[in-house]
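These notes concern the structure reproduced below.
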Amino acid sequence: SSKNKVIYASVSSIENFRDCAFRFMMDKQLRIRERDDNTKIMTNLLGTLIHGMFEAAYRTLRDESGKDPEIFRQKAKEILDNDIKYGEFADKCLKEAVASRAVYGSVDSEGNPKDKVFEMDTYAKLRRMFTKMFRDVLTDSYNTGFVPEGVEAQIGKGDLVLNIPYDGMELKFTGFIDRYDVRTDE
C-alpha cells in the first residue's frame with residue numbers, strides 16, 4: 001500500500017526522470033555513467049560551469065545591492081544598458097566559476113586560461129553562452145522585481161521546506177535549488 005509512505009526526491013532527479021526515464025534508470029538504479037576519458041569537456045561539466053556563472057552573477061548582484069530591490073534593479077540596469085560593463089561582468093562571473101570548477105591545469109587560481117585549447121574552445125564557448133542567456137534572465141529579474149535571496153540553497157532545511165501531500169503520501173523535496181527569489185512588495 002502507498003498510504004503513509006514518504007518519498008524523498010530532488011527537483012533535479014524529477015527533471016532527469018522526466019527528460020529521459022531510461023537515462024535516469026541507467027544512472028540512478030544501475031549506476032552506469034557516461035564515459036569520461038578527458039578528450040573533451042563533458043556536456044554535464046559545461047552545464048556545471050554555466051551554472052556556476054549564474055551563481056556568481058546573482059550572488060554578486062544580491063550582495064552588492066544588500067538585497068534591496070531598488071538597488072538591485074539599478075545595478076541590473078547599469079549592466080544591461082552598457083555593453084562594456086556587461087562584458088566585464090560576464091568575464092568576472094566566468095573567471096569565478098572556472099577557477100573553482102574547471103579541469104585542473106586549464107586555468108590559474110583566478111580563472112585565467114592557462115591552456116590555449118581550453119581558452120579557444122571551452123572558455124570562449126562558456127562566455128558566449130552565458131552572455132546570451134544571462135541578458136534575458138537579468139532582464140526578467142529587472143522587469144518582475146524579483147531579487148535573488150539565495151543561490152544553491154538546500155531544500156528541506158531552514159525556511160526552504162517543500163513538502164507536498166499527495167494521495168495519502170507525502171512528497172518531501174531534498175537537494176538544492178539553483179536560485180530562489182523574494183518579492184518584498186507582496
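Residue numbers start at 1 and run along the sequence shown.
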So, for [X] and [Y], which heavy atoms are closest and what is the spacing to 0.1 Å?
X	Y	value
A90	M53	O-CE, 4.1 Å
A56	T60	O-OG1, 2.7 Å
G52	A97	C-CB, 3.6 Å
I84	N82	N-OD1, 2.9 Å
I155	F173	CG2-O, 3.4 Å

Nearest-0.5 Å distance, [atom1] of residue [X] to [atom2] of residue [Y]:
X	Y	atom1	atom2	result
C93	L61	SG	CG	7.5 Å
K92	E110	NZ	CD	12.5 Å
T144	R73	OG1	CZ	8.5 Å

> Considering residues at least two apart in sequence or located in another chain, which fulfil the ring-ring contact (aromatic ring centres under 6.0 Å, His included) criterion with F54?
Replying inline: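 In terms of ring-ring contact (aromatic ring centres under 6.0 Å, His included), with neighbours along the sequence ignored, F54 is linked to F130, F134.
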Which residues pass the side-chain contact (heavy atoms from CB on, under 4.5 Å) test with [X], not counting sequence neighbours?
X	answer
Q74	E78
R128	A124, K125, K132
K172	V6, Y8, N163, E170
D68	E70, I71

>> Test of understanding: with side chain to side chain donor-acceptor pair (under 3.5 Å), list the residues that count as partners of K75, not counting sequence neighbours.
In response: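 Testing K75 for side chain to side chain donor-acceptor pair (under 3.5 Å), a comparison that skips the adjacent residues, returns none.
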> Taking R62 for the side chain and K67 for the main chain, is one N or O donor matched with an acceptor at less than 3.5 Å?
Replying inline: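 Such a contact is absent between R62 side chain and K67 backbone.
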>> Using a 6.0 Å cut-off, check whether atom CD1 of I164 has over 12 heavy atoms from anything other than its own residue.
In response: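 Counting neighbours around CD1 of I164, more than 12 heavy atoms of other residues, nucleotides or ligands fall under 6.0 Å, so yes.
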